[in-house]
Amino acid sequence: MCGIAGYFGSSKLAPSLTSINNCLKLMKRRGPDHQNFNIQNFNNRRMITLHSRLSIIDPKKISNQPMEDDTGIIAFNGEIYNYLELKKQLNLKNLKTNSDTEVLMKYLKIKKNIPDDDLDGMWAYSYFDKNSKKLFLSRDRFGEKPLYYKIDKDSFYYGSNINYIIALSNKKKIFDEEKIYKFISLGFKSLFLNDNTFIENIKVLPPSHVMQVDFQNKRKLFRYWDYKKKILKKKYTYNEAKNITKNLIKTEFKKRYRSDFKVSCLLSGGIDSTAIAAYSYKNKTSLDFFSINSQDLNYNERPRINKFCQKYKSKSNFVKMNQLNNYFFLEKIIKETNFPLSSISYLVYAHLNKVINKKGLRVVMTGLGGDEIFGGYYTHQMNYLVSKIKDKKFVEYYNNWDQHVKPLVRSKVLSNLDEYIKLSKSKYSSFHEKSEIDKFINYNKKKNIVVKNNKFYKNFFRNGLAIDMFRDTLPPQLLSSDQISMFFSIENRAPFLSHKIYNFINSLPDEYLIRDGYGKSILRDSLKGLVPKEILKFREKIGFYADLDSFFDRKNSKFKDMLFQSKLINSFLEIKNINDLLEKDKLNNAESKFIFCILNLAILSSK
């Protein structure tokens with residue numbers, strides 16, 4: 001894991017050496033092992049490439065970046081999981097390093113600068129083609145690694161972090177009030193409704209794309225991967241599909257365990273994290289496990305974690321939520337990235353990462369993406385019911401949900417099918433908690449929020465999965481995961497995010513995912529014998545979570561001072577109603593998320 005940044009444009013407008021060095025200092029957290037830059041000049045144009053390295057594969061100095069050969073210059077953040085296979089496939093010989101970076105550089109030359117289906121990994125890279133004098137920027141299929149850019153007259157800037165662009169451009173930041181308003185009104189699911197960031201004129205490069213920038217600053221955007229549902233040549237029975245899923249996960253996970261340093265894994269007691277942990281034993285890979293030591297019975301998964309550890313004669317490091325000064329940490333990470341955290345869960349994630357860092361570990365694995373691929377959220381169960389209303393088996397599907405799932409759901413909307421159907425027809429169909437926090441928002445400031453209702457698929461269930469996968473749920477989680485892990489100089493990996501796993505599961509019948517009232521049915525069944533049955537039979541969705549009161553004393557005057565420190569954010573709020581809310585004995589999930597959202601924005605916009 002690393003940091004990248006750069007400039008391409010007029011030599012007269014190019015960043016000074018002071019600005020370059022200031023940027024490299026900021027980049028040290030993402031890459032503490034080495035920082036360097038490369039400058040190319042031609043035809044009154046300048047191309048500057050910056051890189052900071054966190055060594056994971058081939059930690060020798062010769063693998064430092066930016067890396068250059070006779071045809072190109074690369075700065076790369078991420079991992080190419082199948083770099084060993086690509087070496088053989090492309091017959092790459094006489095390489096100078098054992099790194100995945102050099103393999104990627106040679107790969108791009110062969111593939112004419114555009115990733116193909118055979119590239120497997122997570123990445124954000126810049127590649128300058130010396131022959132064509134063109135710059136190519138790319139992000140991986142699911143957007144695991146961040147990349148931002150800014151166009152300013154005859155200058156093009158990019159970076160893994162918004163602050164890198166600000167440092168290179170040496171321009172004052174201006175907040176995007178529309179973005180702030182959407183985040184207040186709609187929460188973290190609004191973060192990627194478009195490519196805007198919280199800073200005006202700085203954009204997000206979309207996942208699954210390559211941006212080409214030529215020496216005249218003309219740009220083209222290419223989509224290199226299509227997420228659309230694949231039609232299988234053969235229709236598989238459930239048992240056949242289950243066995244293919246099992247073998248596919250084993251193969252894809254094996255590549256994702258590769259590292260020249262020991263790897264850690266978050267163990268929650270849920271299906272996704274225990275699948276990663278279980279397959280590490282199957283692949284004879286030693287992982288260090290870390291879990292939450294939760295005092296809240298609602299979020300305590302120790303019994304299932306212990307079942308897993310007993311099965312594999314292993315142990316997990318249980319981490320107490322007392323590792324950080326929560327406000328100080330939140331302030332520091334938001335200021336360093338110019339992005340809020342998506343949810344309170346990521347404070348939990350931060351406590352875990354701090355302990356992982358203290359133990360000298362450089363890689364952490366999480367189960368991100370498992371819910372979105374296999375249908376693990378309560379909303380997915382509701383979407384399945386809506387899609388099956390006209391099905392002759394609907395009563396059976398509904399009864400399974402009513403008996404097994406509904407009793408576990410705390411949300412009013414997600415436990416009432418009629419209400420959910422009404423919501424699904426509104427323009428805020430993805431934002432089921434909006435009605436619970438409307439009274440805390442000053443709608444006189446701005447009234448209309450434009451939400452484009454993405455139609456990934458006609459099928460209501462599949463469309464819901466895709467919205468969560470590519471817009472509402474997974475992208476904000478990936479961003480926060482990267483923010484925090486990089487704050488502690490740790491590489492975060494999500495093994496489920498394999499396009500081969502996604503393509504296969506996305507091609508299967510809906511009823512292979514939701515079955516007998518269980519979400520993730522085919523994943524559960526593919527893990528039989530590997531994961532304890534107590535985990536596979538457990539239906540409640542918990543994960544790494546704690547409520548706001550676990551981290552902050554919201555009734556304390558100091559907390560209120562922190563919450564209301566920004567005049568800009570206060571102008572969007574009904575302060576009196578929020579003060580009344582803070583005095584409640586217990587906040588519900590929607591209220592807790594809202595207060596955390598306001599706290600994040602107050603920090604972001606404060607001086």
Side-chain angles (χ1 to χ4, degrees), residues 1-7 15 17 19-39 48-68 73-80 83 97-105 121-128 137-140 144-149 157-168 205 258-264 332-333 335-339 350 353-354 356-358 360-364 478-479 481-493:
M1 196 67 68
C2 308
I4 69 171
Y7 169 84
L17 186 59
S19 294
I20 291 170
N21 285 325
N22 287 339
C23 184
L24 285 173
K25 288 177 184 176
L26 294 176
M27 295 172 71
K28 194 169 184 178
R29 200 185 286 279
R30 287 191 76 95
D33 298 326
H34 180 262
Q35 301 86 40
N36 203 0
F37 65 95
N38 179 296
I39 296 180
I48 306 173
T49 306
L50 295 83
H51 188 271
S52 63
R53 187 181 185 202
L54 174 65
S55 304
I56 303 295
I57 301 292
D58 190 22
K60 296 175 185 175
K61 288 183 180 179
I62 196 170
S63 293
N64 288 340
Q65 301 179 51
M67 188 177 285
E68 183 175 5
I73 301 164
I74 193 168
F76 163 52
N77 168 31
E79 298 292 342
I80 303 303
Y83 75 103
T97 75
N98 293 315
S99 69
D100 56 338
T101 303
E102 188 177 10
V103 171
L104 176 60
M105 183 167 63
M122 56 176 184
W123 66 80
Y125 66 73
S126 70
Y127 178 72
F128 181 69
L137 304 177
S138 178
R139 288 179 74 201
D140 62 77
E144 291 187 66
K145 299 298 106 192
L147 192 55
Y148 308 98
Y149 68 94
Y157 303 88
Y158 65 89
S160 304
N161 182 312
I162 288 171
N163 282 345
Y164 303 169
I165 295 173
I166 294 171
L168 289 176
L205 185 72
R258 288 173 176 165
S259 170
D260 287 337
F261 296 88
K262 189 151 190 186
V263 177
S264 63
K332 197 163 182 60
I333 196 166
K335 292 295 185 183
E336 286 193 11
T337 60
N338 267 300
F339 246 106
N353 272 255
K354 183 172 183 181
I356 292 168
N357 172 271
K358 275 185 177 180
L361 297 165
R362 289 176 168 238
V363 181
V364 62
L478 290 172
L479 173 62
S481 176
D482 180 86
Q483 280 176 280
I484 287 169
S485 289
M486 283 287 88
F487 183 89
F488 292 104
S489 300
I490 295 170
E491 176 177 282
N492 56 314
R493 297 182 183 179

Under 3.5 Å: donor-acceptor pair, side chain of [X], backbone of [Y]:
{"X": "R139", "Y": "L205", "value": "yes"}
{"X": "S52", "Y": "Q35", "value": "no"}
{"X": "H51", "Y": "F76", "value": "yes"}
{"X": "N357", "Y": "N353", "value": "no"}
{"X": "D100", "Y": "Y83", "value": "no"}
{"X": "E79", "Y": "G121", "value": "no"}
{"X": "R29", "Y": "F487", "value": "yes"}
{"X": "S485", "Y": "S481", "value": "yes"}

Just checking, is any N or O donor in the side chain of [X] or [Y] under 3.5 Å from an acceptor N or O on the other one?
{"X": "T337", "Y": "N161", "value": "no"}
{"X": "S63", "Y": "D58", "value": "yes"}
{"X": "Q65", "Y": "T101", "value": "yes"}

With side chains defined as the heavy atoms from C-beta onward, is the minimum distance between [X] and [Y] less than 4.5 Å?
{"X": "L361", "Y": "V263", "value": "no"}
{"X": "I56", "Y": "R493", "value": "yes"}
{"X": "F261", "Y": "P59", "value": "yes"}
{"X": "E491", "Y": "M122", "value": "yes"}
{"X": "V103", "Y": "I80", "value": "no"}

Lys/Arg-Asp/Glu bridge criterion (N-O < 4.0 Å) met for [X], [Y]:
{"X": "D140", "Y": "K145", "result": "no"}
{"X": "R30", "Y": "D482", "result": "yes"}
{"X": "D33", "Y": "R362", "result": "yes"}

Over all atoms of both residues, closest heavy-atom pair of L137 and S126: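 Reported closest heavy-atom pair: CD2-CB, 3.4 Å.
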
If I take atom [atom1] from residue [X] and atom [atom2] from residue [Y], how far apart are they, to the nearest 0.5 angstrom?
{"X": "I57", "Y": "S99", "atom1": "CD1", "atom2": "OG", "answer": "9.0 Å"}
{"X": "Q483", "Y": "N492", "atom1": "CD", "atom2": "CG", "answer": "10.5 Å"}
{"X": "I74", "Y": "Y125", "atom1": "CD1", "atom2": "OH", "answer": "7.0 Å"}
{"X": "S55", "Y": "N64", "atom1": "OG", "atom2": "CG", "answer": "6.5 Å"}
{"X": "I333", "Y": "F488", "atom1": "CD1", "atom2": "CZ", "answer": "7.0 Å"}
{"X": "I48", "Y": "C23", "atom1": "CD1", "atom2": "SG", "answer": "10.0 Å"}

Does a sphere of radius 6.0 Å around NZ in K335 hold more than 12 heavy atoms from other residues, nucleotides or ligands, not counting ones at 6.0 Å or beyond?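 Count over threshold, so yes.
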
Exactly one of Y158, Y157, F37 should register a ring pair (Phe, Tyr, Trp, His ring centres under 6.0 Å) with Y7. Which one does?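 So the option named by the test is Y157.
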
Begin with the C-alpha distance, continue with both residues' side-chain angles, and end with the deciding distance and a verdict on side chain to side chain donor-acceptor pair (under 3.5 Å) for N38 and T49. CA-CA 5 Å; N38 179 296; T49 306; 5.3 Å; no

Apply side-chain contact (heavy atoms from CB on, under 4.5 Å) to I490 and V363, showing your working. CA-CA 5 Å; I490 295 170; V363 181; 5.7 Å; no

Taking only residues two or more places apart in sequence or in another chain, which ones pass side chain to side chain donor-acceptor pair (under 3.5 Å) with N338?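 Side chain to side chain donor-acceptor pair (under 3.5 Å) list for N338, sorted by chain: N163, K173.
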
